[in-house]
Amino acid sequence: MGSFNDYMDLKKQKEGDQNSNQKFLLDTGRISNIFKGVSIYITGFTNPPSSVLKEIVLRNGGSVTMFFSKTHVTHIIASNLPDFKVKLWKNDMIVTPQWIVDCDAAQSRLSEAKYILYRTSENIRDMMTSRVEVYPIKNASKIIPETTSHDFVGEFYSNSRLHHLSTSVSELRQKVSKLQNQYHPSYIPINKSQTSSVILHIDIDCFFVSISLRTRLHLRGKPVCVTHAKPNENSDSYAEISSCSYEAREFGVKNGMFLGKALKLCPNIIAVPYEFDAYHKASNELYRILVEKTPYVEVVSCDEAFVDIVELVDVTDEAAIKGWVQELRTEIHSAISCTVSAGIGPNKLVARMATRAGKPNGQYLCYSESSVLDYIKSQPLQDLPGIGSSTFHKLESKSYKLCGDLLTKTKSELSELLGPKTGETVYNYCRGRDSRDLVLKHERKSISVEINYGIRLETIKQFETFLLNLCDELEKRMKNENVVGSLVTLKMKERSENAAVEPIKYMGHGICDNVSKSVNIANATNSGKVIHSKVMSLVNSMTLNPEDLRGVGVQMSKLKEASPVISNTTNVSKKSVKQKNVPVCKTFQCPVPEFLGHKNPADVKNIIKNWCESPEPFQVDADKVDEYITDLIKYGNISLVKELLRLMRKQLKVREAPEWNAVFNSTLQNVQRKIHVLFNGILDMDNL
DNA sequence: ATCCTCCCCTAC
DNA sequence: TAAGGTAGGGGAGGAT
C-alpha cells in the first residue's frame, strides 16, 4: 500500500513538474537545446539560486524536477552535500551550479568533468555520455515571405520591435484602467492640476537588455545589445540595436544604431535576441505594483510611467519622499529582476529630466523651486521632451545649447523660430514649468497599420492584394477595440528618384519620398473590405509605380464606438460625452425610471426635498436615492441628475449638518463613478 | 478666425 | 541579410 502511494505521489509530482516546466517555457521561450535530455534536481542552497538555475536549464531545452528519482534525474545540482546524501547518491552525477552557468555562457554542453562535486565513482562520465545525447544549438534562420504572401503581415509584426513597442502601450492602457478600478473602485480620474502634485517618473534601465541579463549572469557588466542579428556576425550588419547596456553606451553605442556601426565602436559587443513575451510580463508586473499603490498612474511606455504620489508622501519631507521611492524601486527590482531609475519633481517635465540624473539604477529628487531652476538650466536643450533632432538643429543654428541659454529670450522670439505652440512650450520648459496633467483616461483618436520593411512589389494587382491583407489586419484591430472610423488615410513611401533600387539594408526602405492621401467615408466602418475599397479609390486617383513602393500604411480616424453602450433609446452616445463636459440631455425619449412609485420629476424632486429636511439621514433612503439617480444616468437624463444634485446641495447648505454633507458627497461620488463608467466622462461640478 | 488636408516631428 | 510601428501634436497653406 505504502509503495503504491509513493508511486502515485511520484507520478503526480512528475506531472506537476511537466506542467510547471511547460508553463515556464510558454512565458519565456526557449533559446537553445543544449540541455536537451538533461533533467536536473537541485538540492540545498546554491549560488546562483535554484530559480535562476531552473530558468537557464529550461530555456536551454532541459527539464527540472522537484523530486529525486534515479531513472529520471540525470544531474544533481548542489554546492555542498551532507555525508549521508553523498553516500546515497554515490553512483549519480552530482555537479556544481557553475556547470549550468558556464554551459549557458558558452551556449554549448560542456563536459561535467571539471564540475563534479564529489568524485565517488570513476565511470560516471561514461555512464552519463551513454545516457544523454548532445544536441547542437538549432540555428533556425527564417526567410522573409513575399510581400503579397498571406503570412507576410503577421510574420513581420511578430518580429517587429517597434510594433511590439507601440502596441504594448495601448494594451497597458487597457490593463491599467482595469487595475485602477480593481484596486481603487471609487476612484475618479479627475485631473488634479488645481492641487499641487509630486510627480514620480519611473523607468526600467535599458529594459530589453536587463531582461536578457536576468538569465545570462555571465554577460552582466559587459557591453550587450538586443538585436535580430546573431552574435559574432561580420561587422557589416544593418540590424538595428533596440537596447544596449550602459557598458556598451560608454563606447558610444546608442539605441537604434546599426549593429555594424556598433561593432566598429565596440568590437566586443555581445548581441542577444529579443524576448517579447518576457518584456510583456515584466511591464504588466511593473504597472500592477504601481497601480496597487495609487490609481494616479499614467502609462508612458512598456518600461516607463508617471505616478502622482502626492497622496502617499509628506510633501514637506524630502528625505521621506526619497525613502519611499527607494523602497518602491527595491520592490520593483525584486519583482521583475530589473533595476529601475526614478525622478521626482513638481511636474512631469522635471520628473522626467530628473530621471536622467538618477540613471542607471538610481533616483534624483528635484522639487523646490530653486533646485528646479538650477537643475533645468544646466540641461541640454535636446534632452527636453518634444525636442528631437529637427527642433534641436533650429535652436543650434542660433547657438542655443542649454536650457539656460533661452532664459533671456522672449516667448515671441521662440515662437518665431519654432512655431507658436512649440515656442511657448520650450519657453516654459526652460523654466521648469509644465502644466500638463497626468493622462489617466485615454481616448483613442486614430488606429493604423503600417509596414515600411520588406515591401517589394511588381504590379498594381499585387499592391491591391497586399493592401487587402493590411486592411484585414486593421479590421482585426478595430474590432478588438470596438471602434469604427470615417476617415481613411493611405500613407506610402516611394523610392526617391536617385535612390538605389536596393538599399544597403537588406529589405529596407532606403531613401524615400512620403505621400499621404485621405478620404471621408459617409458611414463609419471597421470592415476591412470597405476600407480596402476606399483605399483602392485613393490608389487609383494617383499615379504610382508599384516597383518603387517601399512602405505602405492605412490609418482610420474620426473614430466612434462601434456599438454604443446605451442603444438608440437615448440620444447620449458614449463618444459624444467628453471628459469634464457631460452635455445635458435635451430631448428625453426613454421611459422615466420610477422613484417610490413616482414618475413625474416634479414629484420626485418634492420627495427628495422633504427628505433633505427630515431630521436624520438613513442609509436605506440614501441608497434608494442613489439607485434612482443611477437609473437616470443609465437612461442618459443627465439634466435631471444635475437638478437633483443642485436641489440637494441647496437644501443641505442651509442645514450645515456633517452627516447630511456626507450623504451628499457620497451621492455625488456615486454619480461621478457612474458617469465615468458609462460615458467615460465626469460631471462638471462648477456649473452644477 | 477656423477648418481641412497633407505633411513633418517626436516618443517609446 | 532582417523584421524601419504607431499615436498624437502641430505647422503650412489653402478653402470656407
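Order of the sequence lines fixes the chain letters, A, B, ..., with proteins taken first and strands second; residue numbering starts at 1 for each chain.
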- Side-chain donor-acceptor pair present, A/E450, A/S448, cut-off under 3.5 Å: no

- Item | Rounded distance (Å) that lies between atom P of B/dC12 and atom CZ of A/F306 | 9 Å

- Query: Do any side-chain nitrogens or oxygens of A/S516 fall under 4.0 Å of OP1 or OP2 in B/dC6?
  - Reply: no

- Query: Nearest to the side chain of A/H442, which nucleotide is it out of C/dG8, C/dT6, B/dC12?
  - Reply: C/dG8

- Item | Whole angstrom value for the distance that separates P of C/dA7 from CZ of A/R173 | 10 Å

- Under 3.5 Å, is there a donor-acceptor pair between the A/S341 and A/D205 side chains? yes

- Query: Does A/R477 have a side-chain nitrogen or oxygen under 4.0 Å from the phosphate oxygens OP1 or OP2 of C/dT6?
  - Reply: yes

- Figure out the CD/P separation between A/E275 and C/dA3, and round it to whole Å. 17 Å

- C/dA3 versus B/dT10 - spacing of their C1' atoms, nearest Å: 23 Å

- Query: Does A/R161 make a side-chain N or O approach to OP1 or OP2 of C/dG4 shorter than 4.0 Å?
  - Reply: yes

- Message: Counting only side-chain nitrogens and oxygens, does A/S446 get under 4.0 Å of the OP1 or OP2 atom of C/dG8?
- Response: yes

- Query: Under 4.0 Å between a side-chain N/O of A/H164 and OP1 or OP2 of C/dG5, yes or no?
  - Reply: no

- Query: Ring centroid separation for A/Y375 and A/Y364, is it under 6.0 angstrom?
  - Reply: yes

- Query: How many Å lie between CZ on A/F276 and P on B/dC12, as a whole number?
  - Reply: 18 Å

- Task: Round to a whole Å and report the spacing from NZ of A/K394 to P of B/dT10.
- Result: 8 Å

- Query: Are A/N428 and A/K411 close enough that a side-chain donor and a side-chain acceptor fall under 3.5 Å?
  - Reply: no

- Message: Does a side-chain N or O of A/S160 approach OP1 or OP2 of C/dG4 to a distance below 4.0 Å, or not?
- Response: yes

- Task: Answer yes or no for this row: A/H228 ring on C/dA3 base, centroids under 5.5 Å, planes under 30°.
- Result: no

- Does A/R477 make a cation-pi contact with A/Y157, if we ask for NZ or CZ under 6.0 Å from the ring centre and within 45° of the axis? yes

- Item | Spacing between A/M257 atom CE and C/dG4 atom C1', to the nearest angstrom | 16 Å

